[in-house]
Amino acid sequence: MGLLVQKFGGTAVGDPERIRAVADHIERTVKSGQQVVVVVSAMGKETDELLRLAEDVSSKRPGREMDMLITAGERKAMSLLCMALHDLGVNADSFTGSQAGFLTDTNHQNAKILEVKPERIREALSEGKVPVVGGSQGVSVENDVTFLGRGGSDATAVALAAALGAERCEIFTDVEGVFTADPRVVSSAELIPEITYEEMLEMASSGAGVLMARSVEFGRRYNVPIIVKSTFTNNEGTEVKEKVMEEALVSGVTHNTKEVKFTLFEVPDQPGIAGTVFGSLSEIGINVDMIVQNVSKDSITDISFTAPTEQKDAVEDMLKNIAIELKAKGYDVDENVGRVSIIGAGMKSESGVASKMFKILGENSINISMISTSPIRVSCVIDSKDINAALEALHKEFIEKE
Ligand code: ADP
Ligand code: ASP
Ligand code: MG
């Protein structure tokens, strides 16, 4: 009998009726003879509400307390789901991330999983119970509760599947699977039946929030097939795996509006400057993404980079100090930016894809302010007001015409 890990997202457990529907679903799975471990997110928009509550109460919001607060959302959902399962005669026990054996680093709000030792989950399974694990949480090497970051329940589910040697990990969400673009933004987006870990990783990292990028990394490293499917229908969804039958030139178009562009003006163009700037930022856990250093004039240059919106205040604090330390002229913060990307394994062997992307954006009067590429991705930072038009145009050209 194979083991299955099933993760239910916020919408799936959004209200009492839906929690009972998820319990029904699990009961049917158990009755079919399948062993199952469940991972749940917080109900509906609860994580956003808890974040807002913290903002209303405090300006400092220490990481340790934030994690204690946010992880309460998943704790609520997991115990309610277990109660609904008991009502159906299914023996189920809930477990926090710590109880489920998730050991993490101490990086509050965005903790990394260091090790998973799911002894209590194995024990519960051997007693014939359904373990229900709170997603996106663990305990740090300093024994504090940690939150794995937004979307972290996906990482909990795939890491648990890997640690337990499960045959696959199913991610139940509010769309039918992974699409060629966010189906809520591009109405002509198409379902992708199968996609490689490599492409999915690039899609997730560049804004396709349907899966957390770190969950895809776990899947790839431990070769766990990940199935993304709808909570509300019985359709097959998308399978994320090592190899697919056909590699498309462009498999998907993504966007990310949760990034901010920072520029340091007139810093000396000397060895060690970039090391100082980005070293200081990485020390406080900032995920700097695109970096552009302009050609220097009179040994003076500008450096621009992007970082996640949620880290804006921390980056700004750091830039204030760095600007003084490096005797830079100043810095600028631009929140009205977004990023569009095209992703496709076929790009590895085909030239001219990037230039075609730039041409399409140009034809639509969209100005590109930064560019970055990987062997299977091209990303452009553009004005946030142009995001939807860029997505439509790129999707039409690269997906619908191919
Ligand atoms: P959950 O609460 O189930 O984890 P999420 O909100 O994290 O759900 O992820 C599902 C959402 O991801 C969808 O509602 C959709 O708007 C968004 N999304 C963004 N890009 C894509 C894409 N390429 N394919 C499918 N969904 C996408
Ligand atoms: N509830 C958390 C969030 O919204 C974790 C998750 O759902 O994956 O980010
Ligand atoms: Mg999610």
Side-chain angles (χ1 to χ4, degrees), residues 6-14 18 22 39-52 66-67 69-78 97 102 109-111 133-138 146-160 169-193 195 199-216 226-232 235 237-238 240 250-258 308 310 339-344 387 391 394-395 399:
Q6 293 188 324
K7 177 247 169 179
F8 294 89
T11 320
V13 293
R18 285 189 173 160
V22 168
V39 173
V40 276
S41 286
M43 293 170 68
K45 298 265 166 251
E46 175 137 43
T47 307
D48 292 326
E49 279 155 25
L50 291 171
L51 285 167
R52 210 169 310 126
M66 284 301 287
D67 287 13
L69 175 73
I70 303 296
T71 53
E74 272 73 17
R75 200 163 165 155
K76 215 166 113 178
M78 73 193 197
F102 280 79
Q109 300 278 290
N110 200 19
V133 179
S136 204
Q137 52 182 273
T146 46
F147 179 58
L148 307 183
R150 300 309 308 264
S153 298
D154 299 335
T156 301
V158 183
L160 200 51
C169 180
E170 295 182 342
I171 306 282
F172 288 90
T173 186
D174 57 3
V175 286
E176 291 281 343
V178 180
F179 283 73
T180 50
D182 186 341
R184 296 190 195 286
V185 182
V186 179
S187 55
S188 52
E190 299 153 24
L191 182 79
I192 307 174
I195 186 167
E199 286 181 309
M200 192 61 230
L201 195 53
E202 289 281 7
M203 287 202 40
S205 321
S206 62
V210 60
L211 275 181
M212 191 205 215
R214 271 150 56 201
S215 72
V216 187
I226 305 171
I227 325 289
V228 183
K229 52 185 357 183
S230 165
T231 315
F232 311 112
N235 299 337
T238 301
V240 190
V250 173
S251 298
V253 178
T254 61
H255 71 293
N256 183 1
T257 47
K258 295 185 187 125
E310 62 199 49
R339 180 220 291 230
V340 285
S341 310
I342 54 173
I343 289 103
I387 291 280
L391 278 176
L394 295 170
H395 194 268
I399 308 278

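Numbering of ligands and ligand atoms starts at 1, following listing order. Numbers here simply count residues along the sequence, with the first being 1.
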Peer 1: Mind checking whether Glu74 contacts ligand 2 via backbone (N, CA, C, O), side chain (CB onward), both or neither, at a 4.0 Å heavy-atom cut-off?
Peer 2: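 Looking at Glu74 and ligand 2, just side chain atoms fall under 4.0 Å.
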Peer 1: Hey, does Ala181 sit under 4.0 Å from ligand 1 if you only count heavy atoms?
Peer 2: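 It does; at least one heavy atom falls under 4.0 Å.
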Peer 1: What protein heavy atom sits nearest atom 7 (O) of ligand 2, and how far away is it?
Peer 2: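 In this structure, atom 7 (O) of ligand 2 has Ser41 OG, 2.8 Å as its nearest protein heavy atom.
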Peer 1: Hey, is ligand 2 close enough to Thr47 that some N/O pair sits below 3.5 Å?
Peer 2: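 By distance alone, the answer is yes.
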Peer 1: Does even one non-hydrogen atom of Met212 get within less than 4.0 Å of ligand 1?
Peer 2: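 Distance cut 4.0 Å: Met212 fails for ligand 1.
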Peer 1: So, regarding Gly207 and ligand 1 (criterion: nitrogen or oxygen to nitrogen or oxygen, under 3.5 Å), is there a contact or not?
Peer 2: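 Such a contact does not occur with ligand 1.
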Peer 1: Counting each atom of ligand 1 from 1 as listed, which ones have a heavy atom of Met203 under 4.0 Å away?
Peer 2: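 Those qualifying, in numeric order: 23 (N).
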Peer 1: Going by the atom numbers of ligand 1, which of them fall below 4.0 Å from some non-hydrogen atom of Pro183?
Peer 2: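 Those qualifying, in numeric order: 24 (N), 25 (C), 26 (N), 27 (C).
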Peer 1: Does an N or O from Phe147, backbone or side chain, lie closer than 3.5 Å to an N or O of ligand 2?
Peer 2: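 No, no N or O pair falls under 3.5 Å.
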Peer 1: Below 4.0 angstrom from a heavy atom of Ser153, which ligand 2 atoms are there? Numbered from 1 as shown, please.
Peer 2: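 Listed by number with element, the hits are 5 (C), 6 (C), 7 (O), 8 (O).
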Peer 1: Could you tell me whether ligand 2 has any atom less than 4.0 Å away from a heavy atom of Gly152?
Peer 2: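 The answer is yes, since Gly152 has a heavy atom less than 4.0 Å from ligand 2.
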Peer 1: Considering only heavy atoms, does Val210 approach ligand 1 within less than 4.0 Å through its side chain, its backbone, both, or neither?
Peer 2: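 Contact part for Val210 vs ligand 1: both backbone and side chain.
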Peer 1: How far is atom 4 (O) of ligand 2 from its nearest protein heavy atom, and which residue and atom name does that atom have?
Peer 2: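 I find the closest protein heavy atom is Arg150 NH2, 2.9 Å.
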Peer 1: Check Lys7 against ligand 1 and report side chain, backbone, both or neither, counting heavy atoms closer than 4.0 Å.
Peer 2: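 Side chain only.
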Peer 1: Show the atoms of ligand 1 that are less than 4.0 angstrom away from any heavy atom in Gly177.
Peer 2: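 So the answer, numbered in order with elements, is 24 (N), 25 (C).
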Peer 1: Determine, using heavy atoms of Gly151 and all atoms of ligand 2, whether some pair is separated by less than 4.0 Å.
Peer 2: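 Checking ligand 2 against Gly151, which is what was asked, there is a heavy-atom contact under 4.0 Å.
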Peer 1: For ligand 1, which atoms, with element, lie under 4.0 Å from some heavy atom of Gly9?
Peer 2: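 Within the 4.0 Å cut-off of Gly9, ligand 1 contributes 1 (P), 2 (O), 3 (O).
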Peer 1: Looking only at protein heavy atoms, which one is nearest to atom 24 (N) of ligand 1, and what is the separation?
Peer 2: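 Nearest neighbour among protein heavy atoms for atom 24 (N) of ligand 1, to 0.1 Å: Phe179 N, 2.9 Å.
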Peer 1: Looking only at atom types and distance, does a side-chain atom of Thr238 sit under 3.5 Å from a main-chain N or O of Ile192, one as donor and one as acceptor?
Peer 2: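 Answer holds: yes.
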Peer 1: Using modelled atom types and a 3.5 Å cut-off, is there a donor and acceptor pairing between side-chain atoms of Thr11 and backbone atoms of Asp174?
Peer 2: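 Not at all, since once roles are kept as given, no pair shorter than 3.5 Å links the two residues.
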Peer 1: Work out which heavy atom in Ala111 is nearest to a heavy atom in Thr146; give both atom names and the distance.
Peer 2: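 For Ala111 versus Thr146, the nearest heavy atoms are CB-CB, 3.6 Å.
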Peer 1: Considering only protein heavy atoms, determine whether one is less than 4.0 Å from atom 6 (O) of ligand 1.
Peer 2: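 No, there is none.
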Peer 1: Nearest to atom 3 (O) of ligand 1, what protein heavy atom do you find, and at what distance?
Peer 2: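 Going by distance alone, atom 3 (O) of ligand 1 is nearest to Thr173 OG1, 2.7 Å.
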Peer 1: Hey, does Gly209 sit under 4.0 Å from ligand 1 if you only count heavy atoms?
Peer 2: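 The answer is yes: ligand 1 sits under 4.0 Å from a heavy atom of Gly209.
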Peer 1: List for me each residue that meets side-chain hydrogen bond (donor to acceptor under 3.5 Å, both in side chains) alongside Ser215, sequence neighbours excluded, and say none if there are none.
Peer 2: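 Here no residue qualifies.
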Peer 1: Do Glu74 side-chain atoms and Ala42 backbone N/O form a donor-acceptor pair below 3.5 Å?
Peer 2: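 Indeed, once roles are kept as given, a pair shorter than 3.5 Å links the two residues.
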Peer 1: Determine whether a donor-acceptor pair (N or O, by modelled atom type, separation under 3.5 Å) exists between the side chain of Thr231 and the backbone of Thr173.
Peer 2: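 The answer is yes, because a donor-acceptor pair under 3.5 Å joins these two groups.
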Peer 1: If hydrogens are left out, which of Thr254, Asp154, Asp182 has an atom nearest to atom 19 (C) of ligand 1, that is, the closest non-hydrogen atom?
Peer 2: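 When every heavy atom of Thr254, Asp154, Asp182 is considered, Asp182 comes closest to atom 19 (C) of ligand 1.
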